[in-house]
Amino acid sequence: MAYHSFLLEPISCHSWNKDRTQIALCPNNHDVHIYKKDGTKWTKIHELKEHNGQVTGIDWAPESNRIVTCGTDRNAYVWSLKGEVWKPTLVILRINRAARCVSWSPKENKFAVGSGSRLISICYFEQENDWWVCKHIKKPIRSTVLSLDWHPNNVLLAAGSCDFKCRVFSAYIKEVEEKPGPTVWGSKMPFGEVLFESGPSGVSGGAGEGAGGGWVHGVCFSHSGNRLAWTSHDSTVAIAEGGKTSTISSLSSETLPLLCVSFITENSLVAAGHDCYPVLFVYDGTKGSVTFGGKLDVPKQTSQRGISARERFQNLDRRATSSETTEQGLESLHKNSISQISVLEGGKSKCSTFCTTGMDGGMVTWDVKVHTHTLHTHTV
Amino acid sequence: MSKNTVSNRFRTVDVDEYDENKFVDEEDGGENQLPDIVHVASLTPLCTGNLMEALQAVLKNPPINTKNQNVKDCAEGLVLKVLSAFKSSDVDKGVQSLDKNGVDLLMKYIYKGFETPSDNSSAVLLQWHEKALSAGGLGCIVRVLTARKTV
C-alpha cells in the first residue's frame, strides 16, 4: 500500500492512462492536472484548462488515448494529444444542470454522461459533420444520475441515481455499431430501453422491506457483465444477477455509506466510502448472499505502552474515556472519505492492484493477493 | 410600483407544489395495520413477564406503509411500554435476540421515541440506543435517517 498526498484539497475525480504511468485528476477546481510517475515521485506535466466549472468526471480511454471530462458548467470536452499538447473538443450535451459522471464505452466509440438534469447523454462521433452528437436517455429517471458503468458488450449501461434506483439501460446507437446479441439482461435492446430496475422492495433480500433505500452512489458490472453491484446511501451494498429477475442480494452494512464500488473477481468486490477505508465483500452465487469480507486497511499495531495516571485523567478530561490509544485521528491511510476506486492491474476479473482517491487529496494504491477463498493484503 | 401592497396572501403559495419535476414517492398499497391484534399479542406476554416475547411481538408488522397517524402513534406507545418494562441488565439480551432487520426497526422506534420525550422515556431509550448501536453499528442509524417511510 502506498499513500501519496497530491493536494490538501479533495481530489474530485481521477483516471489513469493505459500503462498506469500517468494520472489525470481534478484538484477541486476548474482544471485537470496530469501527473507523470517518475519512480516514486509524481511530477505535473500538463494542465488542461477549459472548463468553467468544477470538473466532476474524467475518463481516460486506454486504447485511443483520449480523455473525456465533464463538469458543472454543463459541458464535456474530449481531449486528444497532439504532439505534446492536449487539445479539447467541445461536446454539446444539451443539459441544463451540471454533469456528474462520465465513462467511455469499452470500444471507445461513445461515452455516457450522467447529469443533474435527470438524464444520461450518450455521445458518439459523427464522421460527416466531424462533430460529437448526443442522444438522451430520459425515462424513467427522476433525479440526478450519480454513477455509470458500461457492460462489456458496449451497449448496456448501468446507472445509479438519486431517485434510489439502480437501472440497466440500452445505449445502442445504430450509427456506430452492430445490433448486439442477447445477454442475460435481455435480448431486445432498442435505445433507451430499461432492462433492469431495482425497486425499493427489491433492494432488501430478506424479510425486511428496504423502506426506499438511499441514493445509489456507485455501480459496477462484473467482468462478464452478468452481475451488477451497487452501493447506496442507506449503508447497503446489493448485487443483482442478470436473468433471474428478482434475485437481488443485499447486505446492510454496519459502516457509514459507501461511495464507490468495483468488482475485483467475479465473486468479490471492494467498496469504499465515508469510513475512509476500503472493505471487501464476497458474493455467493449459489446462496445468493453477500457477506462482509473484512477491512482492507489494517493499521500497524502500535506498541502498547503503559499509560501514566496523569495521562489517564487528561484523556478523561479531553475525550471522556481513559482509553490507551494515543491516536488522535483516524487509523486508516485516508484521512477523509474515499470518493473513487479504480482498478489498476488485472481487470475486474483478477484484480491485483487498485487505487483509491478521496477528499483528503491523497491517493493510495492497494495490493490484493487472491488465495482461493480468502483475500489478504500485503504492504508494498 | 405594483398595485397590491396590502394583501400578502400570495406569499403563502407553495411554488414547489406546482413544479412538474417534483419528486413523488412511489405509493405502495399500504394495508391498514390493525393495532388491536398487536396490542393483545404483546400485552399478554407483558403481563406474564415474558419480555422477550413481548419485544418480538411488538416489532412484528410495523405500521410503515400506512399513512394513518393514529396507528403509528399507537404502535409507538406500545413499543415504548415494552422497552420501559425491561430491566437495565436485560436490555442487552433483548437486543441480542433480534436479527439485523429487527435491530434496524428497533433503532427507528428509538429515534421516533426521542422526538416526543416524556418523563422517563429518554433515559430508557438512551440505554436501548447504546446497546442497539453496538449491535447494528453506524449503518443502522444511517438507515433510520435515509428511510423514506417512517415507522
Side-chain angles (χ1 to χ4, degrees), chain A residues 96-97 116-119 138-144 161-165 197-217 231-238 250-259 271 273-277 279 281 289-292 295, chain B residues 16 19-31 33 56-57 59-67 72 75 95-112 126 129-151:
Chain A
N96 54 10
R97 294 288 185 277
S117 333
R118 306 135 52 100
L119 51 85
K138 273 193 161 158
K139 292 194 190 349
I141 308 175
R142 295 167 65 217
S143 191
T144 308
S161 156
C162 278
D163 60 1
F164 321 121
K165 301 220 202 272
E197 184 177 274
S198 75
S201 47
V203 166
S204 163
E209 30 358 70
W215 307 320
V216 178
H217 283 295
T231 58
S232 170
H233 200 71
D234 60 350
S235 293
T236 55
V237 64
S250 77
L251 173 69
S252 309
S253 72
E254 293 183 356
T255 58
L256 293 176
L258 298 157
L259 292 175
H274 289 294
D275 269 315
C276 318
Y277 52 76
V279 288
F281 291 99
S289 67
V290 185
T291 44
F292 180 66
K295 283 169 62 161
Chain B
D16 287 331
D19 181 8
E20 62 223 14
N21 286 340
K22 183 172 183 213
F23 185 84
V24 179
D25 273 301
E26 284 178 12
E27 301 296 323
D28 274 344
E31 337 83 68
Q33 302 294 336
Q56 301 284 351
L59 286 180
K60 230 193 280 198
N61 279 340
I64 286 195
N65 283 327
T66 177
K67 297 228 201 67
K72 294 196 186 214
V95 172
Q96 298 300 331
S97 72
L98 296 172
D99 63 344
K100 245 178 190 256
N101 288 324
V103 175
D104 282 351
L105 193 52
L106 175 66
M107 196 56 108
K108 281 205 179 114
Y109 275 114
I110 291 175
Y111 274 92
K112 187 93 199 295
L126 277 172
H129 184 273
E130 188 196 341
K131 296 290 183 261
L133 178 59
S134 50
L138 289 170
C140 186
I141 300 185
V142 174
R143 273 183 285 283
V144 173
L145 297 174
T146 55
R148 299 293 292 182
K149 300 181 193 160
T150 54
V151 87

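Treat the numbers as computed from the prediction; the structure is a model and nothing was measured. Each chain gets a letter, A, B and so on, in the order the sequences are listed, and its residues count up from 1.
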*At a heavy-atom separation under 4.5 Å, does A:T255 approach chain B through its side chain, its backbone, both, or neither?*
backbone
*When only pairs under 4.5 Å are counted, which of B:T150, B:I141, B:L138 shares the most heavy-atom pairs with chain A?*
B:L138
*asked:* Measuring from atom OG of A:S252 to atom NZ of B:K100, what distance do you get when rounded to the nearest 0.5 angstrom?
replied: 5.5 Å
*Taking all non-hydrogen atoms of both residues into account, name the closest pair between A:H233 and B:V142 and its distance.*
O-CG1, 3.2 Å
*Can you name the residues that form a ring pair (Phe, Tyr, Trp, His ring centres under 6.0 Å) with A:F281, not counting sequence neighbours?*
A:F292
_Where A:S235 and B:G139 come nearest, the two heavy atoms and their spacing_ = OG-CA, 3.6 Å
